[in-house]
Amino acid sequence: MASTSDIRNGLCIKFNHDIYKIIEFLHVKPGKGPAFVRTKLKSLTNGKVLDNTFSAGHKIDEVRVETHEFQFLYAEGDLYNFMHTETYEQIQLNKAILDAPDLLKEGTTVKVIINAETEAPLSVDMPASVILEVTYSEPGVKGNTSTNATKPATVETGANVNVPLFINEGDKIKIDTATGSYMERVKE
């Protein structure tokens, strides 16, 4: 058993008969009344995100997990195939378990969180950012903007990302996997 002082990002807990991963948290100590921890929890079974508040000192049931590196091989419909980088075992995961499946390029290495007791994969942690090539983008026209305007662009995985006007087809861009937003153009 852990308490609210052990809460950190990425911690997996049992809560309401489900397994949740803590996405973000905030310790709040108001001037009047007891302290509490405000959390944002993501269900590892169905992907739903909920907000919950734990009172200070509340006991939480921690789930023992292991993290392994897997390489993304290919997708078949809603099933995504991954290979363990050390044992070369292959697993299939449902699209719902992935945070940003549309940004996953073949060969990308991800961290898969596995429940140590049941050996069931719980979630997939993408790298913080990915570099993808722009396959389609409308030409940007100078002069119709006042400040930092964007245009839609399609990258090699099929995802749509809003990019600045100076990005053209064939450019490689860095994308934040948490938000799915453009970060910078990459020169090679």
Apply the test side-chain hydrogen bond (donor to acceptor under 3.5 Å, both in side chains) to residues Q71 and E106: give CA-CA distance (whole Å), side-chain angles for both, the deciding distance (0.1 Å), then the verdict. CA-CA 8 Å; Q71 184 180 26; E106 291 176 1; over 6 Å; no
Ring centers of F54, F36 separated by less than 6.0 Å: no
Within one Ile-Leu-Val-Met-Phe-Trp-Tyr cluster: L122 and V112, side-chain cutoff 4.5 Å: no
Minimal non-hydrogen separation, [X] against [Y], with atom names:
X: L44; Y: S123; value: CD2-CB, 3.5 Å
X: M183; Y: I175; value: SD-C, 3.9 Å
X: Y182; Y: V161; value: N-CG1, 3.8 Å
X: D102; Y: A159; value: O-CB, 3.4 Å

Is the [atom1] atom of [X] crowded by more than 12 outside heavy atoms at less than 6.0 Å?
X: K172; atom1: NZ; answer: yes
X: Q92; atom1: CD; answer: yes
X: F166; atom1: CZ; answer: yes

Could you tell me how the ring of H68 sits relative to the ring of H84: parallel (under 30°), tilted (30 to 60°) or perpendicular (over 60°)? tilted
Hey, are [X] and [Y] close enough for a salt bridge, meaning a charged N less than 4.0 Å from a carboxylate O?
X: R64; Y: E117; result: no
X: D6; Y: K59; result: no
X: K151; Y: E138; result: no

From V130, T108, L98, residue fulfilling side chain to side chain contact (heavy atoms under 4.5 Å, CB included) relative to L103: V130
Which of these passes side chain to side chain contact (heavy atoms under 4.5 Å, CB included) with K42: I22, I19, V49? V49
For residues S129 and D176, is any side-chain donor paired with an opposing acceptor at under 3.5 Å? no
Using the rule given for side chain to side chain contact (heavy atoms under 4.5 Å, CB included), can you reason through N52 versus F15, listing the C-alpha separation, both sets of side-chain angles and the distance that settles it, and then say yes or no? CA-CA 10 Å; N52 189 55; F15 179 70; 3.3 Å; yes
